[in-house]
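To start, the structure under review is shown below, and the notes come after it.
Residue numbers start from 1 in every chain, and the chains themselves are labelled A, B, ... in the order their sequence lines are given, proteins ahead of strands. Hydrogens, waters and symmetry mates are skipped; everything else that's a heavy atom, side chains included, is used.
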Number of protein chains: 2
Amino acid sequence: MEIFAKRLKERAAKLGISNAQAARLCELDERRYANYANDQREPDLMTLAKIARILNTSTDHLLGLADHQPQTERARLLDRLNVAATSLTDEELRTVVTQTEALAIPRPKKTGKKMPPISGV
Amino acid sequence: MEIFAKRLKERAAKLGISNAQAARLCELDERRYANYANDQREPDLMTLAKIARILNTSTDHLLGLADHQPQTERARLLDRLNVAATSLTDEELRTVVTQTEALAIPRPKKTGKKMPPISGV
DNA sequence: GTTTTTCCGGAACAGAACGTTCTGGATGGA
DNA sequence: TCCATCCAGAACGTTCTGTTCCGGAAAAAC
């Protein structure tokens, strides 16, 4: 997890402290913390949460999930879907959800792909 | 990390899918995912991020660092739609968008006005 | 009712990953 | 010079994970 190590170093830099100081803040062995910051080890989930809490940031940011990605064609499609779905009636929405999940969520390990006819449409 | 396992199960329940289905959505071995949901194993950071991304939630929430807001039935349907749509291929997604917009966006009355076609579909 | 499919979890094993310790180099201040 | 601080390589024992095999329960299909 390269981004995690990068974010750890960034965070300490923004706080104006050394990695060793950050380690002590988080009550972690310095060498251990350094391994995280150098992308050589990964913490367990509880330690990850602890680091985020003490350094006053979010795990999403530390894991690189918080960046707003540029507007791709696909993102725009998902956007349109949301907008359209929002204006549906509950019943219409249920229908769309059912159909979409049928496409998206793999059910069988079975090889044969028989598709039962969509009823009530 | 007890809270993580709990949140995993909650998330699948809210999406109206089984843990096995959630595992397939996340492209993880079912047994492996079950170990996470049963608080017997913990994922590495990349897998954690992947789960949060695909199940359309945040790692902060999964790790118990953020409180979750109460959701309406309708919000859960929109949630399910998002999760399912995200795992579609581009072509499948375009189809769903087209169908949903057809349901949602009323055609103009017969005033002769032209409706611009849906681009890129 | 019978069969098939799906879901779930225990047990176990090889291999991967981790925490820790020891070590040494680099830098800066007293 | 001496000392404190920061940093990272290597190694070792231990812990933990991914995976596989297995069986039972429940639901669905026949």
Side-chain angles (χ1 to χ4, degrees), chain A residues 1-52 54-55 59 62-63 98-99 101-120, chain B residues 1-52 54-55 59 62-63 80 83-84 87:
Chain A
M1 202 67 179
E2 187 180 338
I3 186 64
F4 172 67
K6 183 181 169 190
R7 289 288 156 84
L8 271 191
K9 289 187 176 180
E10 284 176 359
R11 189 61 191 151
K14 269 189 186 165
L15 293 176
I17 60 179
S18 66
N19 288 331
Q21 283 175 314
R24 278 181 245 118
L25 259 184
C26 297
E27 297 174 313
L28 294 176
D29 181 271
E30 290 184 26
R31 196 71 198 85
R32 184 180 166 190
Y33 187 94
N35 279 330
Y36 299 156
N38 284 340
D39 199 17
Q40 290 171 344
R41 303 283 157 89
E42 289 189 0
D44 58 277
L45 299 189
M46 192 145 65
T47 304
L48 170 67
K50 184 177 185 179
I51 291 173
I54 293 184
L55 298 189
T59 57
L62 290 181
L63 298 180
T98 301
Q99 291 178 341
E101 286 184 342
L103 272 181
I105 301 180
R107 292 208 162 251
K109 299 174 180 176
K110 200 177 174 185
T111 52
K113 59 170 185 179
K114 57 170 186 179
M115 276 289 260
I118 301 172
S119 61
Chain B
M1 201 65 177
E2 188 180 336
I3 187 65
F4 172 67
K6 184 182 170 190
R7 289 285 156 86
L8 270 191
K9 289 188 176 180
E10 284 176 359
R11 187 62 189 149
K14 280 200 175 144
L15 292 175
I17 60 180
S18 66
N19 289 330
Q21 284 175 314
R24 279 180 243 122
L25 262 182
C26 296
E27 297 173 312
L28 294 175
D29 181 89
E30 291 183 25
R31 198 71 200 82
R32 184 180 167 191
Y33 187 95
N35 279 329
Y36 300 156
N38 284 339
D39 199 18
Q40 291 171 345
R41 304 284 157 88
E42 289 189 0
D44 58 277
L45 300 189
M46 193 143 63
T47 304
L48 169 67
K50 183 178 185 179
I51 291 174
I54 294 183
L55 297 189
T59 57
L62 290 181
L63 298 181
R80 287 171 59 175
V83 170
S87 71

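Rounding to the nearest 0.5 angstrom, the gap separating the NZ atom in A:K6 from the CD1 atom in A:I3 is 5.0 Å. Separation of atoms CE (B:M1) and CG (A:L45) is listed at 6.0 Å; rounding is to 0.5 Å. Distance OH/B:Y36 to CD1/B:I51: 6.5 Å, rounded to 0.5 Å.
Between A:A37 and A:N19, the shortest heavy-atom contact is CB-ND2, 4.4 Å. Across every non-hydrogen atom of B:A49 and B:T59, the tightest pair is CA-CG2, 4.3 Å. Nearest heavy-atom pair across B:C26 and B:K50 is O-CE, 3.2 Å. For the residue pair A:L48 and A:P43, the shortest heavy atom distance occurs at N-CB, 4.1 Å.
Here C:dA11 presents its P atom at 12 Å from CG of B:N35, a figure rounded to the nearest Å. Rounded to an integer number of Å, the gap from CD of B:E30 to P of C:dT5 is 15 Å. Atom OH of A:Y33 is separated from atom C1' of D:dC6 by 14 Å (rounded to the nearest Å). Regarding B:L8, its CG atom lies at a distance of 15 Å from the C1' atom of C:dC8, rounded to whole Å. Distance B:M1 CE to D:dT17 P: 13 Å, rounded to the nearest Å. In this structure, CZ of B:R31 is placed 11 Å from C1' of D:dC22, rounded to the nearest angstrom.
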**Asked** Which letter, B, S or -, goes with each nucleotide of nucleotides 24-30 of chain C from 5' to 3', with contact meaning a protein heavy atom under 4.0 Å?
**Response** -------
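A heavy-atom distance below 4.0 Å to DNA chain C is reached by none of the residues of residues 15-24 of chain A. Residues of residues 38-51 of chain B having a heavy atom closer than 4.0 Å to DNA chain D, listed by number: B:Q40, B:R41, B:E42, B:D44.
Closest to the A:R32 side chain, of the nucleotides D:dT19, C:dT21, C:dG19, is C:dG19.
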**Request:** Dump the intermediate steps for side chain to side chain contact (heavy atoms under 4.5 Å, CB included) on B:M46 and A:E42, then the final yes or no.
**Result:** CA-CA 10 Å; B:M46 193 143 63; A:E42 289 189 0; 5.6 Å; no
Going by atom type alone, with no hydrogens or angles, which donor-acceptor pairs under 3.5 Å involve a side-chain atom of residues 8-17 of chain A and a protein atom two or more places apart or on another chain?
| residue | atom | partner | partner atom | Å |
| --- | --- | --- | --- | --- |
| A:K9 | NZ | A:N38 | OD1 | 3.4 |
| A:E10 | OE1 | A:R7 | NE | 3.4 |
| A:R11 | NE | A:L55 | O | 2.9 |
| A:R11 | NH2 | A:L55 | O | 3.0 |
| A:R11 | NH2 | A:N56 | O | 3.3 |

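Not a single salt bridge (charged side-chain N to carboxylate O under 4.0 Å, His left out) links A:D29 to another residue, sequence neighbours left out. Legend: residues meeting salt bridge (charged side-chain N to carboxylate O under 4.0 Å, His left out) with B:E2, ordered by chain and number and at least two apart, are absent.
Note on A:Y36: only backbone sugar-phosphate atoms sit closer than 4.0 angstrom, heavy atoms only; bases stay farther off.
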